[in-house]
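Note sheet for the following structure.
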Amino acid sequence: AKDAGRNNFQFYAHDMNSRALDRLKLESGLRRALERDEFVVHYQPQMEIASGEIIGAEALLRWQAPGQGMIFPGDFISIAEEAGLIVPMGEWVLRTACTQKKAWHDAGMRAPMKIAVNLSARQFKHQDIVKVVSRVLEQTGCRPEWLELEITESVVMDNPEAAARTLQKLSDMGVHLSIDDFGTGYSSLNYLKRFPINSLKIDRSFVRDITTDVDDAAIARAVIALAHSLKMTVIAEGVESAEQLSFLREQQCDQMQGYYLSRPVPAPELEKLLNATSQK
Ligand code: C2E
Ligand code: CA
Ligand code: CA
Ligand code: CA
């Protein structure tokens with residue numbers, strides 16, 4: 001029994017070391033990725049439900065590590081957050097998305113009108129995000145009203161006073177603000193009326209069973225009613241079927257995003273998609 005115990009201990013110790021090692025490798029990999037330009041941004045279109053028009057696109061980060069194929073944010077964002085790397089990475093995504101939107105505009109493409117960029121809590125707290133955003137807009141020639149910043153409830157709830165000031169400055173600049181994953185955080189509805197938020201995103205976890213689960217349907221309806229009564233638009237994410245879309249249409253949800261319309265795709269593919277649906 002003693003031996004077995006020791007073996008177990010060695011097993012776990014080894015396991016922990018290799019995990020720590022994996023983590024270090026990932027961290028240094030991410031550091032190099034920035035220098036070597038291994039990140040790419042994919043764009044997922046957002047549609048206005050009533051008109052069928054593509055009104056926006058969300059910028060989503062991908063990592064093309066040589067010889068490793070595409071790595072998705074679920075496998076590296078939390079490490080990047082903990083290592084503080086999300087700050088330069090996030091600024092890179094912002095700059096790339098703004099540059100892309102300006103290029104589309106200059107090429108005569110009007111859709112997508114807005115580019116949505118995710119902001120992490122860490123970026124929001126540890127960086128003068130207002131300065132970063134205004135500098136990037138100026139340098140890229142992207143207009144503030146073309147940009148939407150997606151934040152989560154945790155960003156807002158951490159330090160509501162500081163968040164309110166920051167969001168107000170961004171809003172005064174003309175940038176749109178939306179709450180991502182709405183309903184999954186520990187939110188106080190109180191902040192919604194005090195903060196200059198333009199839209200709410202119904203989280204994918206509520207959309208998934210929207211046509212079969214009465215509770216999820218009720219939550220989606222409530223979020224839509226709440227958003228509208230506060231003069232916000234509401235967008236459903238993770239829409240994968242015609243049934244989900246027709247439910248959302250019936251409930252007067254304004255916009256949708258999801259595989260049913262398109263997966264996140266490289267910029268040239270979004271252009272093709274827009275041409276095919278003869279959007280302008
Ligand atoms: P998110 O902001 O909630 O983004 C939506 C995620 O849902 C994306 O995953 C997207 O590919 C996926 N998705 C979209 N439509 C569907 C659908 O119909 N079905 C299903 N099953 N999934 C769908 P992705 O790109 O892997 O990103 C995961 C998360 O990583 C994002 O969740 C976001 O929190 C984070 N992330 C991605 N890019 C960035 C970034 O540039 N900065 C920061 N801070 N976070 C990012
Ligand atoms: Ca998002
Ligand atoms: Ca989301
Ligand atoms: Ca999410």
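Whatever order the structure lists them in is the order used to number ligands and atoms, beginning at 1. Atoms considered below: every heavy atom in the structure, side chains included; atoms not considered: hydrogens, waters and symmetry mates.
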Contact check, [X] vs ligand 1, heavy-atom distance below 4.0 Å:
| X | value |
| --- | --- |
| Gly238 | yes |
| Gly74 | no |
| Glu58 | yes |

List every atom of ligand 1 that sits less than 4.0 Å from any heavy atom of [X], numbering the atoms from 1 in the order shown and giving each element.
| X | result |
| --- | --- |
| Glu240 | 17 (C), 18 (O), 19 (N), 20 (C), 21 (N) |
| Glu237 | 3 (O) |
| Gly258 | 15 (N), 18 (O) |
| Asp181 | 3 (O) |
| Pro264 | 11 (O) |

Open item on the list: So, regarding Glu150 and ligand 1 (criterion: nitrogen or oxygen to nitrogen or oxygen, under 3.5 Å), is there a contact or not?
Closed with: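 There is no such contact.
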
TODO: Consider every N or O of Leu61 and every N or O of ligand 1, then say whether any pair is closer than 3.5 Å.
DONE: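 It does: an N or O of Leu61 is found under 3.5 Å from an N or O of ligand 1.
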
Answer whether the closest heavy-atom distance between the side chains of [X] and [Y] falls below 4.5 Å.
| X | Y | answer |
| --- | --- | --- |
| Arg122 | Val87 | yes |
| Glu38 | Pro66 | yes |
| Ile115 | Gln100 | no |
| Asp181 | Glu153 | no |
| Leu60 | Pro73 | no |

Can you check which of [options] brings a heavy atom nearest to [atom]?
| atom | options | result |
| --- | --- | --- |
| atom 7 (O) of ligand 1 | Arg204, Gln244, Gln123 | Arg204 |
| atom 41 (O) of ligand 1 | Asp203, Asp180, Asp75, Val93 | Val93 |
| atom 15 (N) of ligand 1 | Arg263, His42, Gln257, Gln44 | Gln44 |
| atom 24 (P) of ligand 1 | Pro73, Ala236, Ser78 | Pro73 |

Open item on the list: For the Ca ion (ligand 2), what is the number of protein N, O or S atoms at a distance under 3.0 Å?
Closed with: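 Total protein N/O/S atoms under 3.0 Å from the Ca ion (ligand 2): 4.
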
Open item on the list: Restricting to non-hydrogen atoms, name the atom on Gln244 and the atom on Gly238 that form the minimum distance, rounded to 0.1 Å.
Closed with: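 Shortest heavy-atom contact: OE1-O, 4.0 Å.
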
- [ ] Heavy atoms only: give me the nearest Asp254-Val234 pair and the separation to one decimal.
- [x]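 The pair with the smallest heavy-atom distance is OD2-N, 2.8 Å.
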
Open item on the list: Is it the case that the side chains of Asp172 and Gln168 hold a donor-acceptor pair, with the cut-off being a distance below 3.5 Å and no angle test?
Closed with: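 There is such a pair (donor and acceptor under 3.5 Å, judged by atom type) between the side chains of Gln168 and Asp172.
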
- [ ] Scan side-chain atoms only and decide if Gln255 and Gln46 contain a donor-acceptor pair under the 3.5 Å cut-off.
- [x]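 Their side chains do not contain a donor-acceptor pair, so the 3.5 Å distance test is not met.
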
Task: Over 12 foreign heavy atoms within 6.0 Å of CZ, Arg263 - done: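 Atom CZ in Arg263 is not packed in, count stays at 12 or less.
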
- [ ] Check ring pair (Phe, Tyr, Trp, His ring centres under 6.0 Å) between His228 and all other residues, then give those that pass, not counting sequence neighbours.
- [x]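 For His228 there are no ring pair (Phe, Tyr, Trp, His ring centres under 6.0 Å) partners, ignoring immediate neighbours.
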
Open item on the list: Once ring pair (Phe, Tyr, Trp, His ring centres under 6.0 Å) is applied, do any residues pair with Phe206, and if so which ones, sequence neighbours excluded?
Closed with: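 Checked Phe206 against ring pair (Phe, Tyr, Trp, His ring centres under 6.0 Å); zero matches.
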
Open item on the list: Per the ring pair (Phe, Tyr, Trp, His ring centres under 6.0 Å) rule, what does the pair list look like for residues 87-124, sequence neighbours excluded?
Closed with: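 Output for this query lists Tyr43-Trp104, His105-Trp146.
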
Task: Region of Arg62 that comes within reach of ligand 1 [heavy atoms, distance under 4.0 Å] - done: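 Contact part for Arg62 vs ligand 1: side chain (C-beta onward).
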
Open item on the list: Checking contacts here: is it the side chain or the backbone of Ser120 that comes within 4.0 Å of ligand 1, counting heavy atoms only? Could be both or neither.
Closed with: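 Both backbone and side chain.
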
Task: Pairwise distance CG(Asn159) to CZ(Arg165) - rounded to 0.5 angstrom - done: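 Those atoms lie 7.0 Å apart.
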
